[in-house]
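Let me begin by presenting the structure, written as structure tokens, before commenting on it.
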Amino acid sequence: MAKKEKTTEENLVIVESPAKAKTIEKFLGKGFMVKSSFGHIRDLAKKDFGIDLNHNYQPQYIVSEDKKEVVRELKSLAKNADTVWLASDEDREGEAIAWHLSEVLELSQEKTRRIVFHEITKEAILSAIESPRAIDDNLVNAQQARRVLDRLVGFELSPVLWKKVKPSLSAGRVQSVAVRLLVEREREIFDFNAESAFRVSAIFTIDEGGKKSDFKAELNHRFKTLEEAKAFLNSCAGADFKVNSVVKKPSTKTPAAPFTTSTLQQEAARKLGFSVGQTMSVAQKLYEAGKITYMRTDSVNLAKSAVSAVASAITSEFGEKYVKVRQYRTKSKGAQEAHEAIRPTYPDNPSVSGSAQEQKLYDLIYKRTMASQMSDALIEKTTVNIGVGPEKHQFVATGEVVKFDGFLKVYIESSDQEEDEESATFLPAMKENDALTLKKLESRQRFSQKPPRYSEASLVRKLEELGIGRPSTYAPTISTIQQRGYVVKEDRPGTPRAYQFLWLEGEAVKHEERSEMANAERNKLFPTDIAMVVNDFLVSYFPNVVSYDFTARVEQEFDEIALGNLGWQKAIDEFYKPFHQQVEETLEKSDRTTGERVLGIDPKTGKPISVRIGRFGPMAQLGSSDDEEKPRYAPLTREQHLETITLEEAVKLFDLPRDLGTYEDKKVVVGVGRFGPYVRHDGKFASLKKGVDDPMTIDLDRAIELIEEKRERDNKKYIKSFEEDKDLQVLNGRWGPYISYKKKNYKIPKDTEAADLSYDDCLKLIAEGDKTKKTKKGKTSKTSGTKKTTKSASAGKKKGSSTSKTTKKAK
DNA sequence: CAGTGAGCGAGCTTCCGCTTGACTT
């Protein structure tokens with residue numbers, strides 16, 4: 001620290017991200033020191049909204065706990081610099097960061113320059129330095145309006161939910177709409193009735209001068225009933241088949257735009273199976289290593305220098321005719337385009353070192369970027385119509401031939417739709433009136449598809465489409481709504497469904513019933529009952545705030561503020577006055593809402609059965625609380641919903657716990673507890689497998705299997721213990737081996753074989769662990785309250801590692 | 001950790017966007 005102060009740099013440049021700072025420092029060279037603010041440095045205080053409602057919404061900003069150190073350092077560096085260059089992003093948030101910096105660092109106007117660039121290239125930086133400007137107060141005000149609005153909505157609505165639904169719930173401009181999308185889709189699925197029809201498919205053979213080729217064709221009509229399908233198959237037996245027409249049509253395919261945050265998240269989910277959070281953290285690694293450009297962006301634009309580098313990479317690899325330089329336009333609402341699209345920093349690097357995940361994601365980004373500057377693919381589509389004797393329906397065969405592959409050479413975008421089993425392929429040459437032989441003919445009953453549930457990535461796409469949320473918040477929003485208990489992400493195995501199958505064997509039509517798994521879901525988002533109750537409450541009392549276009553409407557206002565046409569406080573006032581009124585009225589008028597439904601009378605006891613949300617989630621109640629006898633309660637299973645459960649299903653919930661029999665002379669009982677369905681045996685519990693086992697139907701054999709599996713796991717969990725002290729154990733946990741001692745857990749260094757640890761080794765590790773825990777605690781208690789332990793502890797640790805010499809001296 | 005759900009009351013919860021580590025049993 002002392003050394004830095006001596007060699008005063010004349011210029012201090014402040015950007016948002018440390019990785020960016022490193023790169024830019026290289027471009028600028030001597031006389032420039034480049035530092036980062038690590039994003040926003042101040043935020044509204046939590047107390048009293050951080051907004052003075054009696055004084056024109058005056059915001060109260062405070063430096064966040066984890067930014068104090070950064071601010072201290074920047075302040076001292078700014079003091080010693082001749083010129084401070086505020087180089088945060090050129091969007092609303094970036095402008096606000098520049099303004100907060102100038103306020104907190106007490107920068108004088110003469111000394112301060114605001115510069116912006118949209119790409120991290122030497123030319124862009126140097127030209128930015130050439131044309132500095134002042135901070136745009138209007139843009140800053142637009143950000144203040146955005147911030148204050150979000151705080152007011154979030155901190156007024158959430159407490160209404162605590163009183164009317166359940167404590168600790170949350171509501172907000174973004175998350176509540178995300179939840180609404182899921183709830184409404186789930187209800188569409190509830191209401192969906194699958195219809196079925198019979199598709200007919202055939203395999204024909206054509207004789208091309210002795211060479212026989214087979215190809216597939218499908219009838220251009222679907223039959224409503226089994227009888228109609230049967231009749232048609234019958235009429236095909238022994239019929240003549242001939243080609244009625246052959247139509248060839250050229251078409252082109254164009255590549256997709258380079259990646260933005262949202263499209264990267266979607267493609268990484270589809271092609272690599274990454275969650276949106278995973279994608280972001282792997283991308284962060286690549287970005288920090290200088291391998292890709294910034295990963296939180298809404299822009300599809302590529303730097304000019306990148307486009308030419310990509311073009312020359314394509315030329316050298318595939319030849320000039322594969323190059324087509326293209327400029328893409330951002331389609332998404334509210335895009336602020338402060339950065340480039342996500343692309344390889346060096347487009348001539350087809351691969352990188354790093355973890356398998358990093359390599360895969362880089363490969364995806366590399367190929368997508370390349371493809372975006374490549375030629376269209378030229379396709380020839382062929383449609384062949386085939387007549388069946390005198391029948392009016394025709395068979396249709398479609399073929400696709402790639403005449404020129406273009407961008408398809410490197411990249412094909414995936415889609416969420418499950419592919420039709422037979423996608424178009426190559427067809428043999430045919431002409432009108434060619435005779436065909438029928439090789440195979442079958443018809444199967446197909447059911448219409450219910451509306452698809454959202455995955456993390458498809459929800460992000462929908463939010464982006466509605467202009468809700470930002471690239472930096474997509475992943476956190478998804479995890480917030482899961483943490484609040486509004487959403488669970490899981491697999492559902494589906495249920496077996498019978499379908500009818502017909503085929504032609506010789507001249508005879510055969511028929512059998514077959515079975516398929518229907519409605520299976522993998523890694524999808526399911527709204528909970530809490531989500532449904534909360535959503536209905538918000539929709540009925542605050543329809544304006546949770547409407548799909550609320551964000552779009554306020555964004556228009558923010559734009560007006562940014563243009564200087566509207567005062568931010570006036571805009572907020574116009575929203576807040578009626579909104580606050582709404583809140584007050586709702587608190588007064590609305591009843592507590594529990595989603596209660598009375599299902600009917602239990603045939604066994606004659607008592608009423610109802611369902612509602614209780615303290616611990618959705619449950620069923622048998623009997624009324626006015627009765628002398630206390631009511632019985634039972635939690636709903638994960639697949640059941642308050643609004644769809646039937647009396648019969650609810651009655652069965654009270655059959656639990658169920659006696660399954662005995663195993664090793666001890667009772668085996670199945671029930672549903674706090675952590676879901678379980679099997680109990682000999683005082684031990686084993687959880688039922690989610691989506692596989694059903695507590696209502698599970699049998700003894702399966703229960704024993706679960707008990708044995710649990711035993712196996714428990715055995716593996718235990719590594720060793722010591723005669724000297726029974727409290728000390730070496731165990732296997734989720735993150736590998738650890739030491740457990742007197743209800744506390746301790747880390748084992750990575751290079752140590754856990755099984756080889758001696759008693760003394762363990763004691764040493766425990767002593768070390770206690771030491772670090774104590775020092776952390778010391779620093780925490782100084783700063784603030786209980787809940788912030790993790791945050792301030794990390795701030796404390798950072799301090800320790802970056803300036804370790806000084807801390808040692810201090811001790 | 002495992003069949004909870006009374007009623008009272010204190011004290012707490014909560015938003016969105018911009019950043020990165022630290023660290024989990």
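Worth knowing before you read on, the calculation uses all heavy atoms, side chains too, and leaves out hydrogens, waters and symmetry mates. Letters go in sequence order (proteins before strands), and every chain restarts at 1.
Residue contacts for Leu157(A): at a heavy-atom cut-off of 4.0 Å it reaches no nucleic acid atom on any strand shown. Using a 4.0 Å heavy-atom distance criterion, Pro476(A) is classed as making no nucleic acid contact. Residue Gln284(A) is in sugar-phosphate contact alone, with no base atom involved, counting any heavy-atom pair closer than 4.0 Å across all strands shown.
Among the nucleotides dC18(B), dA2(B), dT20(B), the one closest to any side-chain atom of Tyr678(A) is dA2(B).
Between the side chains of Thr480(A) and Tyr486(A), no donor-acceptor pair is found at a separation under 3.5 Å. Side-chain contact check for Asn544(A) and Ser547(A): no donor-acceptor pair (N or O, by modelled atom type) lies under 3.5 Å.
Rounded to whole angstrom, the span from the CD1 atom of Ile481(A) across to the C1' atom of dT14(B) amounts to 16 Å. In this structure, the CD1 atom of Ile41(A) is 11 Å from the C1' atom of dC18(B), given to the nearest Å. Atom pair Lys163(A):NZ and dC12(B):C1' shows a separation of 13 Å (rounding to whole Å applied). Rounded to an integer number of Å, the gap from Lys285(A) NZ to dT20(B) P is 12 Å. Atom-to-atom, NZ of Lys166(A) to C1' of dT4(B) comes out at 13 Å; the value is rounded to the nearest Å. The distance from atom NE2 of His339(A) to atom C1' of dT19(B) is 11 Å, rounded to the nearest whole Å. Whole-Å rounding puts the Asp48(A) CG to dT14(B) C1' distance at 15 Å. For Phe38(A) and dA22(B), the CZ to C1' distance is 14 Å, given to the nearest whole Å.
Put simply, CG on Leu149(A) and CD1 on Ile572(A) are 5.0 Å apart, with the number rounded to the nearest 0.5 Å. Between the CD atom in Glu93(A) and the CG atom in Asp89(A) there is a gap of 10.0 Å [rounded to 0.5 Å]. In this structure, Lys710(A) NZ and Phe685(A) CZ are separated by 9.0 Å, a value rounded to the nearest 0.5 Å.
Using a 4.0 Å cut-off between charged nitrogen and carboxylate oxygen, Lys285(A) and Glu288(A) do not count as a salt-bridge pair.
Within the structure, salt bridge (Lys or Arg N to Asp or Glu O under 4.0 Å) pairs that include any residue of residues 160-179 of chain A comprise Asp150(A)-Arg173(A) (at least two apart or interchain).
Note on ring orientation: taking the six-membered ring where Trp is involved, the planes of Phe575(A) and Phe550(A) are tilted (angle from 30° to 60°). Ring-plane geometry between Tyr57(A) and Tyr576(A) is classed as perpendicular, the angle between the planes exceeding 60 degrees on a 0 to 90 degree scale with a lower cut at 30.
Here the closest non-hydrogen pair linking Val282(A) and Glu358(A) is CG1-CA, 3.6 Å.
For the pair Arg151(A) and Phe155(A), the cation-pi criterion (under 6.0 Å, within 45° of the ring axis) is fulfilled.
Residues from residues 286-295 of chain A with heavy atoms under 4.0 angstrom of DNA chain B, sorted by number: Tyr287(A), Tyr294(A).
Thr473(A) contributes no side-chain N or O that, together with a main-chain N or O of Pro476(A), makes up a donor-acceptor pair within less than 3.5 Å.
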I'd like a list of close polar pairs between nucleotides 5-11 of chain B and the protein, N/O only, cut-off under 3.5 Å.
unit_1, atom_1, unit_2, atom_2, d
dG5(B), N2, Arg615(A), N, 3.0
dG5(B), N2, Phe616(A), N, 2.1
dG5(B), N2, Gly617(A), N, 3.2

Check nucleotides 15-17 of chain B against the protein and report each pair of N or O atoms closer than 3.5 Å, with its distance, or say if there are none.
unit_1, atom_1, unit_2, atom_2, d
dC15(B), OP1, Ser170(A), OG, 3.3
dC15(B), OP1, Gln175(A), NE2, 2.6
dC15(B), OP1, Arg484(A), NH2, 3.4
dC15(B), OP2, Arg484(A), NH2, 3.3
dC15(B), O2, Arg147(A), NH1, 3.1
dC15(B), O2, Arg147(A), NH2, 3.4
dC15(B), O2, Arg151(A), NE, 3.3
dC15(B), N3, Arg147(A), NH2, 3.0
dC15(B), N3, Arg151(A), NE, 3.1
dC15(B), N3, Arg151(A), NH2, 3.2
dC15(B), N4, Arg151(A), NH2, 3.3
dC16(B), OP1, Val174(A), N, 2.9
dC16(B), OP1, Gln175(A), N, 2.9
dC16(B), OP2, Gln175(A), NE2, 3.2
dC16(B), O4', Asp150(A), OD2, 3.2
dC16(B), O3', Arg173(A), NH2, 3.0
dC16(B), O2, Arg146(A), NH1, 2.9
dC16(B), N3, Arg147(A), NH2, 3.4
dG17(B), OP1, Arg173(A), NH2, 2.8
dG17(B), OP2, Thr473(A), OG1, 3.0
dG17(B), O4', Arg146(A), NH2, 3.2

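Checking Glu156(A) against Glu16(A), the closest nucleotide of DNA chain B that is more toward the 5' end is the one next to Glu156(A).
Here Arg484(A) pairs with nothing under the salt bridge (Lys or Arg N to Asp or Glu O under 4.0 Å) rule; sequence neighbours left out.
In DNA chain B, consecutive stretches of 3 or more Watson-Crick or G-U wobble pairs with both distances under 3.5 Å do not occur.
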